[in-house]
Each structure stands twice: as C-alpha cells, then as structure tokens.
Amino acid sequence: MFEAVLGALFLDGGYAVARDFVGRFFDTVWPAKPAVPKTKDYKSRLQEYTQKYHKARPVYALRGSHGPEHDKL
C-alpha cells in the first residue's frame, strides 16, 4: 500500500513531493545522516592529507606520457 501511495504522490506531484513525504514519514525511524562530502580524486586527497599532516604540498613530476593529445596516458 505504501508503494502505491508513494507512486501516486510521485505521479501527481513529482519527485520533490514524494521525497518530502518519505522524509516526513521515516524521520522518526531513521534520523537524517550528516552530509557526506563528495568523494574527491586521489590527487586532491593526497594534497589535502600532506598539507594537514606535513604542512607542505606534494611535488609532482611528469615521468612520461604517450597516446594521442585528447587521450594521454
């Protein structure tokens, strides 16, 4: 029954209405989690780590590359 009600809300009011309904319905059961930061690429994470713990940025050096200009490795 819940799925049918949720489907009707979604079809009638759209995603935001259905999401708000689910949020109100389950708020007491599953409290909101803190926002999780987006996953960063490894190079950014390395730089943040070294700045935080070693107070310096890593030094990068290109050791080589190959492939066409639009798809270098």
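Residue numbers count from 1 along this sequence. Computation of the quantities below employed the complete heavy-atom set of this structure, encompassing side-chain atoms and omitting hydrogens, waters and symmetry-equivalent molecules.
- Legend: side chain to side chain donor-acceptor pair (under 3.5 Å) pairs involving residues 49-59, not counting sequence neighbours: none detected.
- Contacts of Tyr15 classified as ring-ring contact (aromatic ring centres under 6.0 Å, His included), with partners at least two apart in sequence or in another chain: none.
- Applying the side-chain contact (heavy atoms from CB on, under 4.5 Å) rule to Tyr60 yields the partners Lys43, Leu46, Gln47, Pro58; only residues at least two apart in sequence or on another chain are considered.
- Under the rule for a side-chain contact (heavy atoms from CB on, under 4.5 Å), the partners of Val17 that lie at least two apart in sequence or sit in another chain are Leu9.
- For Phe10, there are no ring-ring contact (aromatic ring centres under 6.0 Å, His included) partners two or more places apart in sequence or in a different chain.
- Applying the side-chain contact (heavy atoms from CB on, under 4.5 Å) rule to Ser65 yields the partners Lys72; only residues at least two apart in sequence or on another chain are considered.
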